[in-house]
Structures are given as structure tokens and as C-alpha cells.
Amino acid sequence: MQAASRESYQAATERLAAYARGAEPSAVAATADDLLAVAGLLRREPRLRRALSDPARPGADRAGLLGDMLRGKVGADALDLLTGLVSGRWSAPSELLDGVERLGVEALLASADAAGDLGEVEDELFRFGQVVAGQPALSAALSDPVGPAERRAELARELLAGKARPVTLRLVEVALNGFGGRSFTGSLTRLVELTADRRDRQVAYVTVAAPLSDEDERRLGARLSAMYGREVSVKQTVDPSVLGGVSVRVGSDLYDGTVLRRLNETRNALAKR
């Protein structure tokens with residue numbers, strides 16, 4: 001987001017935080033659903049996005065337009081958050097859409113946080129991503145952008161029934177719609193990171209040939225926490241093709257100590273001779 005949009009979005013997140021502190025988790029989750037429904041509306045209606053982010057119209061007029069459209073169709077708390085969001089300045093219509101969608105996600109995370117489920121939601125999202133990545137046919141079915149969205153959501157619900165919290169399932173549905181314009185896989189990854197960030201944690205993606213023991217994972221997490229100055233949430237992927245060693249990615253930082261990397265470096269060095 002550009003500066004004007006960031007300022008408007010930040011003001012909305014502060015309003016959301018104040019609201020969530022005094023509301024029941026179920027009420028916050030319902031508000032999140034309303035916000036995400038409006039994000040879906042904005043995604044389908046580019047003319048409405050432009051009207052609601054038009055810098056030539058006063059913020060109060062834009063908020064009034066949205067209020068007239070949504071009053072009685074979404075909850076009062078969602079409407080209050082949305083009219084506040086729309087009345088701010090937005091650098092582009094697409095950034096308004098991103099702001100509404102992101103606010104809906106943050107509301108879902110706030111509801112999970114209030115219910116004490118945030119850590120479980122983070123793990124469930126990551127594990128579901130691992131399951132999907134390990135089954136190419138399933139990955140193709142869920143990632144197909146031309147497939148009916150409801151059919152893909154139904155498939156996800158069948159897979160997660162009885163295995164994940166309602167907030168996790170709702171976030172998976174957000175990922176299926178391409179959160180922030182990302183692919184399904186990219187959306188899931190970003191949602192895992194946002195969940196960890198709300199817990200004031202950094203995510204470390206660790207690839208190993210065989211699973212780390214609990215003690216080894218704990219030590220690795222402690223070492224990474226010392227390096228980055230905040231708690232680190234270790235997410236393991238087992239990939240026998242790396243042969244041995246460990247690859248760790250934290251944000252844009254990659255530490256690749258796998259046997260496969262060393263073999264490739266040796267092979268490349270020999271090829272240059």
C-alpha cells in the first residue's frame with residue numbers, strides 16, 4: 001500500500017482493536033464474515049471500488065454511499081468499521097479492496113486470539129498447506145482459478161471437517177479466493193505469517209530429510225529467536241530429496257545447509273573446469 005492507504009488502513013485496525021477488546025469472539029467472527037462479504041462485493045464490482053475510493057469525493061460522501069447500500073445487510077459493528085475505512089484516503093481502488101479484505105482477516109484472527117485458539121489456527125493452516133502440497137491432484141483442484149469457488153470451498157470443508165477450527169476453515173476459504181491477489185499456496189503462506197505475527201512471532205520454514213526431534217526443533221527455534229530478537233515459530237517440511245542437513249527460510253533470509261545444495265555446488269564447480 002502507498003502512504004495514504006496505509007494511514008487509512010492503520011486507523012481502521014485501531015478501531016478494530018478497540019472493538020474486539022470488548023466483544024465476544026463469536027461476535028467478532030461474525031463481523032469478520034461481514035467484512036469479507038463486502039470485500040467479495042468490491043472484488044466483483046470495480047465501479048463501486050472506484051466510487052468508494054474516489055479522491056474527488058469527500059470521505060463523508062463515500063461513507064454515506066456505502067452506508068446506504070449496506071445498512072440492514074451487515075451488522076452495525078461491521079458497518080461502523082467499513083464506513084470509517086471508506087472515509088479515509090486511498091491511493092487506488094485496488095488498495096481499498098485489499099484494505100477491506102485484510103481487515104476481515106484481522107478480525108478473524110482477533111476472534112481466534114480472544115478465544116485462545118490463535119496458535120492452533122496457525123498450526124492448522126500450515127498443516128493443511130502441507131497436505132495440499134503433498135497431493136498434486138488436490139493442489140490442482142484447489143488452486144484452479146477457473147473452477148467454481150463454491151465447489152473448491154466445499155472440497156476444503158470436506159477435508160477439514162472435524163479437524164480444524166471454524167476460523168481456520170474461514171481463512172482457507174479466503175485463501176481460495178486469492179488473498180491479496182496471491183495464488184492459493186501464496187495466500188495460505190501469507191495467512192500463516194499474519195497469524196504468527198499477531199502472536200508476535202516470526203515464521204521459520206525448515207526443510208529436512210527426516211523429521212527433527214522435539215528437542216532439536218526447540219534448540220533451532222531458540223537459536224533463531226536469539227538471531228531475530230523475537231520468538232520464532234518453526235514450521236517443518238520433510239523432503240527426503242535434500243538428503244541431509246537443514247534449510248531454513250525466515251522472511252527473505254535463506255540458510256541452506258543441505259547435502260543437496262553442497263552436491264549441486266560441487267557439481268557446478270566441476271562443470272566449470
Side-chain angles (χ1 to χ4, degrees), residues 1-55 57-115 117-118 121 165-171 173-175 177-181 187 190-191 194-195 197-199:
M1 288 184 182
Q2 297 185 42
S5 299
R6 285 199 303 272
E7 183 177 334
S8 297
Y9 179 73
Q10 180 60 38
T13 61
E14 291 171 0
R15 286 193 297 273
L16 172 62
Y19 154 68
R21 279 194 295 270
E24 291 294 321
S26 58
V28 180
T31 296
D33 281 338
D34 284 343
L35 294 172
L36 291 169
V38 173
L41 173 65
L42 293 177
R43 188 180 296 108
R44 296 189 301 271
E45 301 290 343
R47 291 178 61 186
L48 179 59
R49 290 201 303 271
R50 289 194 293 271
L52 293 175
S53 59
D54 185 356
R57 300 182 67 169
D61 286 358
R62 286 182 270 124
L65 170 63
L66 186 68
D68 290 342
M69 289 183 57
L70 297 181
R71 195 166 289 109
K73 299 176 182 177
V74 299
D77 294 313
L79 184 58
D80 179 64
L81 290 167
L82 286 163
T83 53
L85 192 69
V86 166
S87 65
R89 294 186 303 134
W90 294 92
S91 302
S94 61
E95 294 194 351
L96 172 61
L97 168 58
D98 289 345
V100 174
E101 184 180 45
R102 174 73 180 270
L103 196 67
V105 166
E106 291 294 347
L108 280 175
L109 297 180
S111 72
D113 196 5
D117 291 341
L118 204 54
V121 168
R165 287 155 178 77
V167 168
T168 302
L169 178 55
R170 191 69 183 90
L171 288 169
E173 292 173 352
V174 171
N177 287 321
F179 176 53
S187 296
R190 182 59 179 146
L191 290 168
L194 287 174
T195 308
D197 188 62
R198 189 172 183 89
R199 300 172 65 214

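- Shown here is Glu14, whose CD atom has more than 12 heavy atoms of other residues, nucleotides or ligands within 6.0 Å.
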Would Arg6 and Glu95 satisfy salt bridge (charged side-chain N to carboxylate O under 4.0 Å, His left out), going step by step from the backbone distance to the final call?
CA-CA 9 Å; Arg6 285 199 303 272; Glu95 294 194 351; over 6 Å; no

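- Closest of all the heavy-atom pairs between Leu16 and Ala107 is CD2-N, 3.7 Å.
- Proximity of a side-chain donor or acceptor of Asp34 to a complementary backbone N or O of Gly75 within less than 3.5 Å is detected.
- Checked by atom type and distance alone, the side chain of Ser53 never pairs as donor or acceptor with a backbone atom of Trp90 at under 3.5 Å.
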Side-chain donor-acceptor distances from residues 61-71 under 3.5 Å, at least two apart:
from  : atom 1 : to    : atom 2 : distance (Å)
Arg62 : NE     : Asp54 : O      : 3.2
Arg62 : NE     : Arg57 : O      : 3.1
Arg62 : NH1    : Val86 : O      : 2.6
Arg62 : NH1    : Gly88 : O      : 2.8
Arg62 : NH2    : Arg57 : O      : 3.3
Arg71 : NH1    : Gly67 : O      : 3.3

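- With Ser187 contributing its side chain and Phe179 its backbone, the two residues share a donor-acceptor pair below 3.5 Å.
- No donor-acceptor pair closer than 3.5 Å links the side chain of Glu106 to the backbone N or O of Thr13.
- The minimum heavy-atom distance linking Val167 with Ala112 is given by the pair CG1-CB, 4.1 Å.
- Listed for the Ser8 side chain is a donor-acceptor partner under 3.5 Å among the backbone atoms of Arg89.
- Judged by distance alone, with hydrogens and angles left aside, the side-chain atoms of Arg49 form a donor-acceptor pair with the main-chain N or O of Leu42 at under 3.5 Å.
- Side chain of Arg15 to main chain of Gly84: a donor-acceptor pair is present (N/O by atom type, distance under 3.5 Å, no hydrogens or angles).
- Here the shortest heavy-atom pairing between Gly104 and Ala32 reads O-CB, 3.5 Å.
- In plain terms, the two heavy atoms of Ala114 and Pro25 that are nearest each other are CB-CG, 3.8 Å.
- Between the Glu101 side chain and the Leu36 main chain, no donor and acceptor come within less than 3.5 Å of each other.
- Residue Val28 comes nearest to Ala110 through the heavy atom pair CG1-CB, 4.2 Å, listed as atom of the first residue, atom of the second, then distance.
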